[in-house]
Amino acid sequence: MVKIISDSTCDLSQDLLEKYDISILPLSILLGEEEYKDGISITPEEIYRWSEEHKTTPKTAAPSIEQTAALFEPYVRGGRDIVCFSISESMSASNNVMRLAAQELDAVDRIKVINSANLSTGIGLLVVEAAIMAKEGRSAEEIALRMEELKPKVRASFVVDTLTYLYRGGRCSGLSALAGGALKLHPRIEVKDGAMGSGKKYRGSIDKVILHYVTDMEEDLKNARPDRVFITHSGCDRDVVEQVRDYLQGLQVFKEILETRAGGVVSSHCGPGTLGVLFISK
């Protein structure tokens, strides 16, 4: 059976990783001189505390080639093909590292590296689809081709409580003009063609903004593939998350409504209070 691997930015829960036999390659998070592994040795809450104390955003780094090859090697040696996913290659060198590790193992023909052109559970949606195909006995080639078909249909967006983290990290085009006096705005951040850009801008408390953001997507949500939808957040008020879930249930579209917490890398760049609803369109 094909082995599915993703870098840690896919933001899938441990339950989902175990259910679908998905392995994770952690990125690094750098708090000053200290290096941590995403999802292993640091929590988003620790990142937020450090960021506020130092008034800066942590740096993040792709895995090393050695670390990546070490994860791949047992599967290659065991005769399994691999399909692995990275965050958008415009945001990290993770994808390139995976390709180099495949070369190092002399297994380029056995390892399909997918540039998700996305982030967070925008990647996770693809990873789960790939894992289902792997369990069905599909080949790595079939899975990779299907992922390329699905990539343009992934709808990944979110709203942030504060622009400070994105602005400090320089991760979102067009946000510099919104910074400064406009920091009370809550833009909808959308992933298109592998890059983040700002869409509709909301004003008001983040709780109300999140609900407006979700209801604005109603037509798109009604035209989504019904298999699953993700509510992914970086630490939001429980009542708000439940209201979003209730709204999605009320649409009677989705077989599964999955909630996940954003991991360290995504949290580092988006900050607390971020929430997204992510799905695949028909």
Side-chain angles (χ1 to χ4, degrees), residues 6-17 24 26-31 34 36-60 87 91 118-125 156-169 171-172 175 183-191 196 198 202-214 217 229-248 257-279:
S6 175
D7 73 28
S8 59
T9 61
C10 68
D11 288 348
L12 294 175
S13 67
Q14 192 61 39
D15 286 348
L16 289 171
L17 297 177
I24 292 296
L27 273 70
S28 293
I29 298 170
L30 306 171
L31 304 187
E34 298 294 322
Y36 302 88
K37 295 300 180 188
D38 184 23
I40 296 174
S41 55
I42 192 166
T43 66
E45 284 73 23
E46 289 168 329
I47 291 167
Y48 300 148
R49 283 197 296 272
W50 185 90
S51 295
E52 290 310 306
E53 286 172 12
H54 294 82
K55 304 302 178 190
T56 188
T57 300
K59 290 182 168 57
T60 56
I87 189 172
M91 300 178 190
N118 224 298
L119 52 70
S120 191
T121 46
I123 310 167
L125 285 158
S157 65
F158 51 95
V159 286
V160 296
D161 188 19
T162 172
L163 284 171
T164 303
Y165 284 73
L166 282 165
Y167 180 59
R168 286 173 181 164
R171 286 279 171 167
C172 194
L175 274 186
L183 283 174
K184 292 178 183 176
L185 286 172
H186 303 283
R188 169 177 165 148
I189 308 299
E190 301 167 345
V191 181
M196 289 191 289
S198 58
Y202 299 89
R203 288 188 182 276
S205 70
I206 189 62
D207 294 0
K208 291 179 180 176
V209 163
I210 285 171
L211 296 175
H212 287 157
Y213 149 76
V214 178
M217 287 192 286
V229 61
F230 277 98
I231 304 168
T232 302
H233 62 92
S234 64
C236 290
D237 185 272
R238 188 72 242 156
D239 287 344
V240 175
V241 176
E242 289 304 323
Q243 286 178 58
V244 172
R245 179 185 291 275
D246 290 345
Y247 172 77
L248 292 173
I257 300 172
L258 301 168
E259 179 189 341
T260 65
R261 277 290 303 262
V265 170
V266 172
S267 297
S268 292
H269 297 296
C270 296
T274 298
L275 184 143
V277 172
L278 304 94
F279 55 94

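Only heavy atoms go into these numbers, but all of them, side chains included; no hydrogens, no water, no symmetry mates. Nothing here was measured: the structure is a model prediction, and the numbers come from that model.
A search for side chain to side chain donor-acceptor pair (under 3.5 Å) contacts involving Q14 returns E18, not counting sequence neighbours. Under the rule for a side-chain contact (heavy atoms from CB on, under 4.5 Å), the partners of D239 that lie at least two apart in sequence or sit in another chain are D237, Q243. Every residue two or more places apart in sequence or in another chain that forms a side-chain contact (heavy atoms from CB on, under 4.5 Å) with S28 is listed here: E35, K37, A61. In this structure, R49 has no salt bridge (Lys or Arg N to Asp or Glu O under 4.0 Å) partners at least two apart in sequence or on a different chain. In terms of the side chain to side chain donor-acceptor pair (under 3.5 Å) criterion, residue partners of H54 (sequence neighbours excluded) are, by chain and number, W50. Under the side chain to side chain donor-acceptor pair (under 3.5 Å) criterion, S268 pairs with no residue at all, not counting sequence neighbours. Residues that satisfy the salt bridge (Lys or Arg N to Asp or Glu O under 4.0 Å) test with E34, not counting sequence neighbours, are absent from this structure. The side-chain contact (heavy atoms from CB on, under 4.5 Å) check on D38 picks up S8, I29, V265, with sequence neighbours excluded. Remark: E242 pairs with R238 by the side chain to side chain donor-acceptor pair (under 3.5 Å) rule, at least two apart or across chains.
When all heavy atoms of E46 and S41 are compared, the closest pair comes out as OE1-O, 4.4 Å. Shown here for I210 and C236, the closest heavy-atom pair between the two residues is CD1-SG, 4.2 Å. N118 and I87 get closest at one heavy-atom pair: O-CG1, 3.3 Å. In terms of heavy-atom proximity, P58 sits nearest to I47 at CG-CG2, 3.6 Å. The two residues D161 and H186 have their closest heavy-atom pair at O-CE1, 3.0 Å. The two residues G271 and S234 have their closest heavy-atom pair at O-OG, 2.7 Å.
With rounding to the nearest 0.5 Å, the separation of CG in L278 from CG in L125 is 6.5 Å. With values rounded to the nearest 0.5 angstrom, M217 atom CE is found 13.5 Å from H212 atom NE2. Rounded to the nearest 0.5 angstrom, F279 CZ and L258 CG are separated by 14.5 Å. In this structure, CE in M91 is found 12.5 Å from CG in L27, a value given to the nearest 0.5 Å. The CZ atom of F230 sits 12.5 Å away from the CG atom of L248 when rounded to the nearest 0.5 Å.
Contacts classified as salt bridge (Lys or Arg N to Asp or Glu O under 4.0 Å) and involving residues 260-279 (residues at least two apart or in different chains) are given here: E45-R261.
Proximity of I123 to S6: side-chain heavy atoms (C-beta onward) are separated by under 4.5 Å at one or more points. Within the 4.5 Å cutoff, the side chain of L211 has no heavy atoms near those of the Y247 side chain. Proximity of V240 to H233: side-chain heavy atoms (C-beta onward) are nowhere separated by under 4.5 Å. Looking at P187 and V160, their side chains come closer than 4.5 Å, going by heavy atoms from C-beta outward.
T9 and D7 form a side-chain donor-acceptor contact under 3.5 Å, judged by distance and modelled atom types alone. Between the side chains of T232 and T260, at least one donor N or O sits under 3.5 Å from an acceptor N or O.
Y213 and Y202 have perpendicular rings, their planes meeting at more than 60° on a 0 to 90° scale where under 30° would count as parallel.
In terms of modelled atom types and a separation under 3.5 Å, the side chain of T121 and the main chain of G124 share no donor-acceptor contact. The main-chain N or O of I257 is found under 3.5 Å from a side-chain atom of R245 such that the two form a donor-acceptor pair.
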Apply the test side chain to side chain contact (heavy atoms under 4.5 Å, CB included) to residues T60 and H269: give CA-CA distance (whole Å), side-chain angles for both, the deciding distance (0.1 Å), then the verdict.
CA-CA 9 Å; T60 56; H269 297 296; 3.2 Å; yes
